[in-house]
Trainee: 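Questions regarding the structure given below will be posed in turn.
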There are 2 protein chains.
Amino acid sequence: MNCVFCQIVSGEIPTYKIYEDENVIAILDISQATKGHTLIIAKEHYKNLYDIDDELAGNIFRVVPKIANAIKRAFNPIGLNVLVNTEKPLQTVFHFHMHLIPRYYLDGVDIDFINNQGNTSKEQYEEIKNEIIKQLNE
Amino acid sequence: MNCVFCQIVSGEIPTYKIYEDENVIAILDISQATKGHTLIIAKEHYKNLYDIDDELAGNIFRVVPKIANAIKRAFNPIGLNVLVNTEKPLQTVFHFHMHLIPRYYLDGVDIDFINNQGNTSKEQYEEIKNEIIKQLNE
């Protein structure tokens with residue numbers, strides 16, 4: 001299987017993981033649209049929203065309020081978007097996932113090109129990850 | 001209660017309803033960002049994503065694949081976004097809901113101002129509603 005998200009789920013590709021349960025893992029997006037931009041990835045491989053069943057859909061989304069609140073406490077954004085991209089050109093990785101994008105004043109996020117921000121260093125990723133995990137555990 | 005979505009849930013305000021179960025109703029957005037733009041609204045009043053619990057979150061999102069597939073069959077969009085806006089200025093109605101936005105070539109949808117399209121007539125709303133309901137029942 002050449003799916004990059006399957007390799008992330010299996011641990012073959014290292015990531016900045018902030019949460020895991022039997023259905024999903026949550027990691028920092030490797031291209032931070034904004035600080036704290038998080039992906040919630042189904043552990044099972046499904047191409048996209050059209051292919052998942054209602055039970056899996058429910059099991060994935062049930063973790064979203066908890067993680068959104070952790071991001072809120074961590075970085076105090078003015079708001080937050082949950083975004084699911086389905087099919088090209090919106091979707092770039094064909095393994096079901098959703099974006100949590102904390103929003104800040106004049107952050108320049110665009111629905112079609114959300115990976116539009118500058119580089120994030122390894123140290124910054126670690127800091128962001130640890131701050132969210134800290135808030136998740138509070 | 002002056003909440004417009006509570007009034008929609010109770011039936012005080014008429015809408016183009018395409019789906020209902022014990023947890024949610026799905027209606028056409030009164031400002032169609034694109035053809036088929038649908039809102040999934042929690043029946044219970046919660047301000048936004050930060051305030052719902054994991055069970056309600058799961059119960060709301062579990063209907064999304066079914067409705068997304070009905071929209072896909074109805075209008076054959078190139079893709080589809082699910083979008084949750086949380087807090088001002090992203091969020092305009094403070095009663096938890098999510099947007100399903102079918103996407104078409106050069107549709108001009110923007111994450112911050114999705115209600116940017118022209119007027120939709122009552123007849124067009126009825127046609128859109130009926131087409132989605134038809135596909136939901138297939």
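Chain A is the first sequence line, chain B the second, and so forth, proteins listed ahead of strands; every chain is numbered from 1.
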Trainee: Ignoring hydrogens, what is the shortest heavy-atom contact between A68(B) and Y50(A)? Give both atom names and the distance.
Mentor: O-CE2, 3.6 Å
Trainee: Could you give the distance from CD1 (I52(A)) to CG (N69(B)), rounded to the nearest 0.5 Å?
Mentor: 9.5 Å
Trainee: Any non-hydrogen side-chain atom of N81(A) less than 4.5 Å from a side-chain atom of N85(B)?
Mentor: yes
Trainee: Side-chain heavy atoms nearer than 4.5 Å, only ILVMFWY residues, links allowed to pass through others: does that put V24(A) and I67(A) together?
Mentor: yes
Trainee: What is the distance from atom CG of L80(B) to atom CG of L90(A), rounded to the nearest 0.5 Å?
Mentor: 8.5 Å
Trainee: Below 30° counts as parallel, above 60° as perpendicular, anything between as tilted: where do the rings of F61(A) and F61(B) land?
Mentor: parallel
Trainee: Counting only heavy atoms not in K43(B) (residues, nucleotides, ligands), do more than 12 fall under 6.0 Å from its NZ?
Mentor: yes
Trainee: Between F96(B) and chain A, with a heavy-atom cut-off of 4.5 Å, which part of the residue counts as in contact: side chain, backbone, both or neither?
Mentor: side chain
Trainee: Tell me the side-chain hydrogen bond (donor to acceptor under 3.5 Å, both in side chains) pairs involving residues 52-65 of chain B, sequence neighbours left out?
Mentor: D54(A)-R62(B), R62(A)-D54(B)
Trainee: Which of the residues K72(A), K88(A), E87(A), M98(A) is involved in the greatest number of heavy-atom pairs with chain B at under 4.5 angstrom?
Mentor: K72(A)
Trainee: Could you give the distance from CG (L100(A)) to CG (L49(B)), rounded to the nearest 0.5 Å?
Mentor: 7.0 Å
Trainee: If hydrophobic clusters are built from ILVMFWY residues whose side chains come within less than 4.5 Å, do V84(B) and Y19(A) share one?
Mentor: yes
Trainee: Tell me whether I13(B) is reachable from I25(B) by hopping between hydrophobic residues (I, L, V, M, F, W, Y) whose side-chain heavy atoms are closer than 4.5 Å.
Mentor: yes
Trainee: Only pairs at least two apart or in different chains count here, so list each ring pair (Phe, Tyr, Trp, His ring centres under 6.0 Å) that has a residue in residues 67-87 of chain A.
Mentor: none
